[in-house]
Amino acid sequence: MWRICTASAPRHAATLKRYGIDRIGLLAALPPATVQRMLGGKAGRMAVDRARGIDPCTVTPRL
């Protein structure tokens, strides 16, 4: 299982680790509302979405 990256959001990673969530699979398995309470509304929802492979960014090919 993949570990949660601490470089992009060290404070969020530390919060999740305090709750025993140190792997992406564990984060993906949680209900979004639970993670939103831990990290805050937008950050929590984004973390769960990313852990589940959901990314709204469009891919622009390089020419």
Side-chain angles (χ1 to χ4, degrees):
M1 243 188 233
W2 294 96
R3 292 191 181 274
I4 293 174
C5 177
T6 58
S8 60
R11 190 177 50 172
H12 291 155
T15 299
L16 291 170
K17 189 160 180 90
R18 280 198 309 271
Y19 285 98
I21 303 161
D22 61 348
R23 307 281 176 155
I24 296 294
L26 296 173
L27 179 58
L30 290 173
T34 300
V35 182
Q36 286 175 317
R37 282 193 299 276
M38 290 180 207
L39 302 180
K42 186 176 180 180
R45 183 64 202 202
M46 191 182 322
V48 171
D49 284 350
R50 297 303 185 278
R52 293 177 178 175
I54 300 168
D55 187 351
C57 297
T58 57
V59 176
T60 307
R62 296 176 95 176
L63 301 175

Less than 4.5 Å apart, any side-chain heavy atom of [X] and any of [Y]?
X	Y	answer
Val35	Leu27	yes
Arg52	Pro32	yes
Met38	Thr34	yes
Leu39	Leu16	yes

Open item on the list: According to side chain to side chain donor-acceptor pair (under 3.5 Å), does anything in residues 53-63 pair up with another residue at least two apart or in another chain? List the pairs.
Closed with: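 Checked against side chain to side chain donor-acceptor pair (under 3.5 Å) - neighbours excluded - no pair reaches residues 53-63.
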Task: Arg50: side-chain hydrogen bond (donor to acceptor under 3.5 Å, both in side chains) partners, not counting sequence neighbours - done: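 So Arg50 forms no side-chain hydrogen bond (donor to acceptor under 3.5 Å, both in side chains) with any residue.
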- [ ] First locate atom CG of Leu30, then atom CZ of Arg37, and finally report the distance between them rounded to the nearest 0.5 Å.
- [x]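 Spacing of CG (Leu30) from CZ (Arg37) equals 10.0 Å.
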Task: Approximate separation, where rounding is to 0.5 Å, of Thr15 OG1 and Arg18 CZ - done: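 Spacing of OG1 (Thr15) from CZ (Arg18) equals 4.0 Å.
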